[in-house]
Amino acid sequence: MKRQVILIALPLLTSMACGVRGSAPGRPAADSQVIPPAKIVDFNFLYARNCAGCHGANGKGGAAIGLGNPVYLAIADDVTILRITARGVPGTAMPAFSQQSGGMLTDDQINVIAGGMRSHWAKPDALRGADPPPYRALSPGDPQRGASVYGTYCSSCHGAEGRGGRASSIVDGSYLALVSDQHLRTTVIVGRPELGAPDWRGDVPGQPMSPGDVSNVVAWLAAQRSQPYSAAVRSGGNR
């Protein structure tokens, strides 16, 4: 028993001795400066810690759309990006990040994230002269017309009823319960290039979707939601 005690104590004494001679492992040096979390304003650090888990490393997309998608950054203005980052979207998977809305980030940090996305990833020629549908719908869509639009532009990948084909189901109840109508609209317009989903120009070669097409197919998708979720997410601004 005594031999066991000695063997265990030796590493501990060695560790303590190291701490006397210099900085112990994990302990900052005496002259180092510790930056308070609220003072960190490095875009790469803030994005990696707060956004990459859903939106992917370097804005490439993950569980949610890629915020580094140049088409997204071309249609979403700075006010929109700031608002969503700060306040989140109630009823969806997008949380609020600003301290005023219950999050952990200061206004300066929110500005760094929103501004950094544009300065790092926006491309002036992203639209290449094209005229995209507006970020927000100008009028409500028609679900019945949307069914026809879906058949033309979406069914070849997502299946005749949206339950999956070459691509995944987009009428899955769990998915539709977690996203807003605006999220659906944004995804239809900007695509998911990391998943092989084209933007509004590429579903049918030479036949881009019109603003009405986008609004109508979003209305059709929203109509597939289970009723308890519909009111909660219909008007959200989830990206």
Side-chain angles (χ1 to χ4, degrees), residues 61 63-67 69-77 79-81 83-84 89-94 126-239:
I65 66 171
L67 300 179
N69 183 335
V71 177
Y72 168 72
L73 293 170
I75 68 168
D77 60 26
V79 172
T80 296
I81 295 173
R83 174 178 53 79
I84 296 172
V89 183
T92 76
M94 177 64 192
L127 300 180
R128 298 190 294 276
D131 185 18
Y135 174 80
R136 289 196 174 276
L138 302 179
S139 59
D142 182 333
Q144 292 184 338
R145 293 182 179 179
S148 177
V149 174
Y150 175 85
T152 299
Y153 290 97
C154 314
S155 62
S156 61
C157 289
H158 294 285
E161 297 180 352
R163 302 188 183 282
R166 288 187 295 168
S168 62
S169 168
I170 52 173
V171 296
D172 179 82
S174 298
Y175 167 68
L176 291 174
L178 291 171
V179 299
S180 66
D181 287 6
Q182 180 60 55
H183 174 91
L184 296 171
R185 179 179 181 85
T186 302
T187 304
V188 170
I189 297 172
V190 309
R192 292 292 302 267
E194 75 281 4
L195 300 177
D199 62 35
W200 89 100
R201 296 167 289 188
D203 291 299
V204 177
Q207 188 178 337
M209 299 178 76
S210 70
D213 289 334
V214 174
S215 296
N216 290 337
V217 80
V218 168
W220 180 81
L221 287 167
Q224 312 309 308
R225 283 196 188 100
S226 298
Q227 289 303 313
Y229 300 111
S230 297
V233 299
R234 184 171 299 278
S235 59
N238 187 11
R239 300 297 183 192

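One is the number of the first residue; the rest follow in order along the sequence. Quantities reported herein were computed from a predicted structural model and do not represent experimental measurements.
- No side-chain heavy atom of Ser139 sits less than 4.5 Å from a side-chain heavy atom of Ser215.
- Checked by atom type and distance alone, the side chain of His158 never pairs as donor or acceptor with a backbone atom of Arg163 at under 3.5 Å.
- Screening Asp199, Leu221, Ile65 for a side-chain contact (heavy atoms from CB on, under 4.5 Å) with Thr187, the sole residue that qualifies is Ile65.
- Taking the side chain as every heavy atom from C-beta outward, Cys154 and Val217 approach each other to under 4.5 Å.
- Of the possible donor and acceptor atoms, one in the side chain of Thr152 sits under 3.5 Å from a partner among the backbone N and O of Ser148.
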Problem - Step-by-step side-chain contact (heavy atoms from CB on, under 4.5 Å) determination, Tyr135 to Asp77 - result: CA-CA 9 Å; Tyr135 174 80; Asp77 60 26; over 6 Å; no
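- Side-chain contact check for Trp200 versus Asp213: every heavy-atom pair is 4.5 Å or farther apart.
- For CZ of Arg145, the number of neighbouring non-hydrogen atoms (other residues, nucleotides, ligands) closer than 6.0 Å is 12 at most.
- In this structure the side chain of Pro134 reaches within 4.5 angstrom of the side chain of Arg185, judged on heavy atoms.
- Residues Pro133 and Val214 approach most closely at CG-CG2, 3.8 Å, considering heavy atoms.
- Contact annotation: the side chain of Val188 approaches that of Met209 to within less than 4.5 Å [non-hydrogen atoms, C-beta and beyond].
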Practice task
Please report the C-alpha distance between Tyr150 and Val171 in whole Å, then the side-chain angles of each, then the deciding distance to 0.1 Å, and finally whether the side-chain contact (heavy atoms from CB on, under 4.5 Å) criterion is met.
Solution key: CA-CA 12 Å; Tyr150 175 85; Val171 296; over 6 Å; no
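- Here the straight-line distance linking atom OG of Ser210 with atom CG of Asn216 works out to 7.5 Å at 0.5 Å rounding.
- In this structure, Asn69 CG and Thr186 OG1 are separated by 10.5 Å, a value rounded to the nearest 0.5 Å.
- Inter-residue side-chain proximity for Leu184 and Tyr175 is flagged as met; some heavy-atom pair is nearer than 4.5 Å.
- In this structure, the side chains of Thr92 and Val179 stay at 4.5 Å or more apart for every pair of heavy atoms.
- Two residues are said to be in side-chain contact when any heavy atoms from C-beta on lie closer than 4.5 Å; Val71 and Arg201 meet this criterion.
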Problem - Audit row: Ile81, Leu67, side-chain contact (heavy atoms from CB on, under 4.5 Å) steps and yes/no - result: CA-CA 10 Å; Ile81 295 173; Leu67 300 179; over 6 Å; no
Practice task
I would like to know whether Asp181 and Arg225 meet salt bridge (Lys or Arg N to Asp or Glu O under 4.0 Å); could you show each step before the answer?
Solution key: CA-CA 11 Å; Asp181 287 6; Arg225 283 196 188 100; 2.7 Å; yes
